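The next block holds one structure in the form of structure tokens; read it before the comments.
Protein chains get the first letters and strands the later ones, always in sequence-line order, with residue 1 at the start of each. Please read all numbers here as calculations on a predicted model, not as lab measurements.
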Amino acid sequence: MDDIIILEKINKFYGDEVVFQVLFDIHLYIKRGKFTTIVGPSGSGKSTLLNIIGLLESPTSGKVFLDGQDVSSLNKDELAACRNEKIGFIFQFHYLLPEFTAIENILIPYWIGKGRPPGEIVDRALHLMDRIGIKKFSGKYPNQLSGGQQQRVAIARALINKPKIIFADEPTGNLDSKTSNLVMELLKEIVDEQKTSLVMVTHDPNIAAGADRVVEIVDGRINSDSLHSN
Amino acid sequence: MRLNSYEFMIARRFLVNGRSQTVLIILGIAIGVAVQVFLISLMDGLQRNLIQRTIGSSPHVTIAPPLSSPQPLGIGGGAIDDYQRPLKTEESEILSWQRYSDYLSGIEEITVAAPMINGNGYIEKGRSSFPVLIKGVTLPEADVIYKFNKNTVSGDPRPGGNNVLIGRASSDKSGLKVGDTFYLRNQTGAGDYFSIKGIFDLGSSAANNMVVMSLDRAQNFLDITGISSIEIQVHDVFAADGLAESLRGSLSQVKVESWQERNQELLSGLQAQDTSSAMIQFFVLLSITLGIASVLAIIAIQKSRQLGILKAMGTNDKSAARIFIIQGFSMGFFGALLGILLGLGMTSLFMFGTKSSGGPTYELKITLTNILLPAVLAVLSASVAALVPARRAAGLNPMEVIRNG
């Protein structure tokens with residue numbers, strides 16, 4: 001199967017008394033190894049869509065397949081294990097754990113899934129840090145790093161478990177444009193090298209322009225879906 | 001349940017990171033445990049001291065003739081077949097005491113069973129007279145109970161013939177010294193001259209008002225054929241009432257009484273003390289638990305972001321909860337450890353203080369139970385307290401954190 005993600009007829013409602021619908025009958029197939037961006041105005045439901053694909057939220061109805069597995073029926077623990085194993089997350093607000101050094105932050109996903117990381121995993125973390133130019137910060141705590149450096153640590157953390165797919169929610173939203181470009185370049189390169197799929201929510205048209213595919217969500221529906229040739 | 005090492009690592013980092021909070025909680029637990037260790041040791045020591053003072057130099061079980069409650073003859077059927085003896089004096093004396101002594105010496109719990117003569121008399125000096133208790137004893141049996149050897153303050157602790165020991169109170173009142181000769185009158189008015197060989201101090205005014213002589217001299221002086229009582233000491237003082245109960249079953253012709261029965265008031269006093277100290281401990285524990293619960297709840301809120309991100313990365317609800325249980329347990333553990341040290345410090349300081357100030361020197365009783373009980377309870381309550389934030393951590397939806405930044 002060539003699709004890493006298949007969404008079938010996804011509907012999402014919020015609220016108990018006042019119910020309102022965020023997503024309407026979404027069908028979406030995302031190919032392996034590609035860079036897909038989800039764009040759309042604020043409140044369009046794109047983050048909700050990303051969270052459903054990322055197994056952080058469950059759809060009210062519809063089916064989600066991740067890597068060929070129907071994850072709609074998994075319980076909370078199984079979903080957590082699945083996130084740990086198959087998905088890497090990069091958030092807008094980096095969300096590094098301030099109590100841990102850069103390299104410890106990178107190793108935490110491995111530690112959660114498989115216990116104390118062996119030497120080869122530490123080497124892998126160091127290699128990733130080297131690759132994105134933050135190796136010299138490995139012993140630093142997040143508050144000793146700049147925003148761009150922190151986001152690069154978050155990228156390495158998303159990659160440590162060799163996930164099938166990486167979800168990024170406006171990863172450069174908090175960075176200046178120069179740093180933003182640098183981080184994006186690195187992310188694209190390293191995702192390419194690792195042959196990982198990348199799905200990103202963004203407001204930035206420049207980033208969308210650099211993606212393999214742009215899915216536009218408006219009012220909870222797919223408004224346009226365009227493939228880029230680059 | 002699978003414990004993952006990262007839970008410990010994260011719990012440890014959260015604790016180390018929130019240094020001042022952690023230190024304060026651990027100190028709080030430590031003080032609570034220390035107070036309890038000290039309190040329990042103090043209470044325990046005080047009680048043992050009280051009991052020691054009350055019964056240390058007195059019999060644990062007394063066997064006496066059934067003066068106040070005559071037994072119907074022929075109903076007994078006990079181990080000693082003494083009810084057929086047609087002696088009216090059996091009611092106020094124990095005539096066949098040798099047989100009792102033989103029987104009692106075969107019982108393992110008993111350290112000593114000493115025959116005693118008890119009577120009343122007067123020391124006469126000039127025109128005054130001082131009432132005293134006359135006690136006839138055999139050595140070395142009586143020495144096990146009254147420890148004349150140790151408690152003699154002047155003279156020689158061995159009475160014999162007309163050489164007697166007198167208590168400090170009698171000596172003070174009458175002004176008699178070791179070597180003095182005095183006139184002692186019995187209840188019937190007959191009397192004789194005795195000389196003082198030693199003066200003892202048994203620590204209680206009743207006991208210090210005794211004139212102690214040898215058993216046969218007392219028999220002769222008081223005109224008693226048998227003995228007045230058999231006084232028993234046992235290995236375990238708290239087993240005395242049990243022994244008394246079983247002796248009552250086998251000795252039908254005599255009255256058996258344990259120290260507990262003679263000291264009901266003391267016992268209920270001690271009971272009340274136990275209850276109040278248990279209550280103090282309970283409230284100390286309660287405040288420890290509430291304190292930890294509230295601080296951990298604050299930590300759980302402070303760490304919501306971290307928990308959210310950990311959950312997004314695959315930490316499940318149980319792991320998130322365990323991170324907080326581990327924190328509670330660790331704080332309880334280290335608090336208890338420190339508390340034990342503090343408590344031992346307080347205890348030795350107290351002992352040093354009371355000794356050097358010349359006050360009453362209680363031996364505070366530091367036992368393993370006195371130390372471990374409050375420590376284990378503190379660790380348990382810390383872990384229970386951690387359930388509050390643990391539930392919160394388990395229920396936290398990572399989306400809340402991620403959406404709100």
Side-chain angles (χ1 to χ4, degrees), chain A residues 12 14 43 47-48 50-52 54-58 74-101 104-117 141-143 154 157-158 160-161 163 167 169-170 173-174 201, chain B residues 1-23 296 298-324 326-327 330 390-405:
Chain A
K12 180 70 182 179
Y14 281 122
S47 283
T48 304
L50 188 76
N51 290 333
I52 287 173
L55 311 186
L56 287 167
E57 274 184 276
S58 303
L74 298 183
N75 67 28
K76 276 178 92 179
D77 286 359
E78 289 165 336
L79 285 174
C82 197
R83 285 200 297 272
N84 178 259
E85 199 182 320
K86 292 188 173 165
I87 304 174
F89 291 95
I90 303 167
F91 301 100
Q92 183 176 0
F93 304 100
H94 341 305
Y95 289 117
L96 299 178
L97 302 186
E99 296 86 355
F100 293 85
T101 62
E104 286 168 340
N105 264 288
I106 293 169
L107 289 168
I108 280 175
Y110 184 91
W111 209 319
I112 292 173
K114 300 199 179 71
R116 181 180 285 280
Y141 287 88
N143 61 8
R157 181 179 65 183
I160 190 72
N161 276 356
F167 293 100
D169 192 351
E170 306 220 29
N174 255 2
V201 165
Chain B
M1 190 169 87
R2 195 177 64 111
L3 276 175
N4 188 320
S5 62
Y6 88 92
E7 293 164 9
F8 286 95
M9 181 186 72
I10 287 172
R12 202 185 79 214
R13 279 304 164 86
F14 281 4
L15 289 177
V16 172
N17 200 251
R19 208 166 290 128
S20 55
Q21 270 170 338
T22 310
V23 168
L296 277 177
I298 292 168
I299 294 181
I301 292 168
Q302 287 174 337
K303 305 291 182 192
S304 296
R305 250 167 77 106
Q306 287 90 320
L307 280 171
I309 197 71
L310 283 169
K311 282 191 160 186
M313 292 190 301
T315 294
N316 61 36
D317 296 350
K318 290 189 204 83
S319 276
R322 281 200 292 266
I323 288 172
F324 281 88
I326 292 168
Q327 290 185 68
S330 314
R391 277 174 58 106
R392 202 196 128 80
L396 182 86
N397 183 351
M399 282 315 305
E400 287 170 30
V401 177
I402 289 157
R403 200 179 285 135
N404 303 329

Problem set entry | Intermediate values then yes/no, side chain to side chain contact (heavy atoms under 4.5 Å, CB included), Ile309(B) and Arg157(A) | CA-CA 12 Å; Ile309(B) 197 71; Arg157(A) 181 179 65 183; 3.9 Å; yes
For this session: Go through Lys303(B) and Glu99(A) one step at a time and tell me if the side chain to side chain contact (heavy atoms under 4.5 Å, CB included) criterion holds.
Result: CA-CA 10 Å; Lys303(B) 305 291 182 192; Glu99(A) 296 86 355; 2.6 Å; yes
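Atom-to-atom distance recorded for Leu79(A):CG and Lys311(B):NZ is 12.5 Å, nearest 0.5 angstrom. The line from OG1 of Thr315(B) to CD1 of Ile108(A) is 8.5 Å long, rounded to the nearest 0.5 Å. Here the CG atom belonging to Asn397(B) is positioned 7.0 Å from the NZ atom belonging to Lys76(A), to the nearest 0.5 angstrom. The distance from the CZ atom of Phe100(A) to the CD atom of Gln306(B) is 9.0 Å, given to the nearest 0.5 Å.
With a threshold of 4.5 angstrom between heavy atoms, Glu104(A) approaches chain B through side-chain atoms but not through N, CA, C or O. For Leu56(A), the parts lying near chain B are the backbone and the side chain together; criterion is any non-hydrogen pair under 4.5 Å.
When all heavy atoms are compared, the tightest approach of Leu310(B) to Leu97(A) is CD2-CD1, 3.8 Å. Across every non-hydrogen atom of Phe91(A) and Ala312(B), the tightest pair is CZ-CB, 4.0 Å. The two residues Ser5(B) and Trp111(A) come nearest to each other via the heavy atoms OG-NE1, 2.7 Å. Of all non-hydrogen atoms in Met313(B) and Pro109(A), the two that sit nearest each other are SD-CG, 3.7 Å.
The number of heavy-atom neighbours closer than 6.0 Å to CZ of Arg13(B), taken from other residues, nucleotides and ligands shown, is above 12.
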